[in-house]
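Reading through the structure tokens given below for one structure.
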Amino acid sequence: MPDRTRRCFGIALFASALSVIAAVVAMWPTPGRDQSVTVLCGTRSMPREVDLLVLVLLFGALGSFVHVAKSFASFAGNRALVASWLWWYLLQPVAGMALALLFYTVIRGGLFAPGSYSGAVNPYGITGVSGLVGMFSKQATDKLGELFGAMFRTAADAQRNDKLSPPPA
């Protein structure tokens with residue numbers, strides 16, 4: 001990959017990560033009241049539940065940016081970065097956000113009583129888990145795939161046509 005492209009892409013990743021950090025700081029909840037957030041068009045009030053969802057998404061992205069930054073620095077520093085991986089770098093934070101949101105709904109649905117007040121949720125714990133899920137999204141999806149593959153395996157899996165064959169070694 002040309003040096004200029006690598007440099008521009010690195011700067012764009014860095015700016016994106018700083019934007020997510022700035023959004024986290026702006027969105028961090030004030031205890032006991034709804035969150036007011038200044039967005040492009042003005043200030044809006046946000047219910048606590050929506051505030052938590054946005055924080056979960058932001059921390060999922062932030063965790064993914066940690067993983068992306070380490071990978072990008074390693075490959076760019078060794079001059080082994082190839083253009084075919086750029087989509088992975090762009091989509092990894094989105095995957096981290098989605099996975100963090102899924103984990104959040106599982107945690108809220110399984111560990112809290114139905115109808116429990118969102119003020120009972122510790123934002124530090126939820127955002128910490130969300131960041132770790134974003135950072136280790138590959139390992140989390142691999143382990144979930146193993147778990148659900150073992151739990152829900154059927155004979156029909158072996159009979160399916162046109163399966164994806166493993167890549168050559």
Side-chain angles (χ1 to χ4, degrees), residues 1-31 35-40 44 46-112 118-150 166-167:
M1 174 180 293
D3 283 344
R4 179 182 166 99
T5 304
R6 184 174 50 244
R7 201 173 15 256
C8 289
F9 192 72
I11 290 169
L13 286 175
F14 184 73
S16 298
L18 287 181
S19 299
V20 169
I21 292 170
V24 164
V25 170
M27 292 292 303
W28 195 255
T30 304
Q35 182 74 14
S36 293
V37 179
T38 302
V39 188
L40 297 175
R44 297 179 46 145
M46 191 177 292
R48 177 80 166 121
E49 194 62 46
V50 174
D51 179 42
L52 284 173
L53 287 173
V54 171
L55 280 171
V56 162
L57 292 170
L58 289 172
F59 270 84
L62 189 59
S64 288
F65 272 119
V66 170
H67 181 69
V68 163
K70 288 173 50 182
S71 175
F72 180 81
S74 294
F75 282 96
N78 288 320
R79 297 198 180 275
L81 186 67
V82 292
S84 62
W85 279 84
L86 292 183
W87 279 109
W88 182 88
Y89 287 111
L90 292 172
L91 292 175
Q92 189 62 31
V94 176
M97 291 168 68
L99 197 56
L101 184 61
L102 288 171
F103 268 75
Y104 173 72
T105 56
V106 168
I107 290 170
R108 278 298 299 268
L111 300 180
F112 289 88
S118 60
V121 177
N122 180 354
Y124 293 98
I126 291 294
T127 56
V129 169
S130 299
L132 290 173
V133 166
M135 190 184 312
F136 299 106
S137 59
K138 181 190 179 315
Q139 292 90 333
T141 53
D142 288 349
K143 186 51 74 177
L144 287 171
E146 288 176 19
L147 176 68
F148 282 91

Minimum heavy-atom distance V133-A100, with the two atoms named | CG1-N, 3.7 Å
More than 12 non-hydrogen atoms from neighbouring residues, nucleotides or ligands closer than 6.0 Å to CH2 on W88, yes or no?
-> yes
Gap separating the CG atom of L86 from the CZ atom of F72, nearest 0.5 angstrom | 8.0 Å
CZ/F9: more than 12 non-hydrogen atoms of other groups inside 6.0 Å | yes
Is there a side-chain contact (heavy atoms from CB on, under 4.5 Å) between F75 and W85 once you walk through the steps?
-> CA-CA 10 Å; F75 282 96; W85 279 84; over 6 Å; no
Is any side-chain heavy atom of T127 closer than 4.5 Å to a side-chain heavy atom of W28?
-> yes
If you look at every heavy atom in Q92 and S64, which pair is closest and at what distance?
-> O-OG, 3.2 Å
Between M97 and L57 the two heavy atoms that sit nearest each other are CG-O, 3.1 Å
Verify whether one side chain among Y104 and S130 offers a donor that lies under 3.5 Å from an acceptor in the other.
-> no
Okay, side chain of T105, backbone of L102: is any donor-acceptor separation there less than 3.5 Å?
-> yes
To the nearest 0.5 angstrom, please state how far the CG atom of L132 sits from the OG atom of S137.
-> 11.5 Å
Check: T141 and L99 side chains under 4.5 Å, non-hydrogen atoms = yes
So CG of L52 and CZ of F59: to nearest 0.5 Å the spacing works out to 11.5 Å
Rounded to the nearest 0.5 Å, how far does CG of L147 lie from CG of D142?
-> 12.5 Å
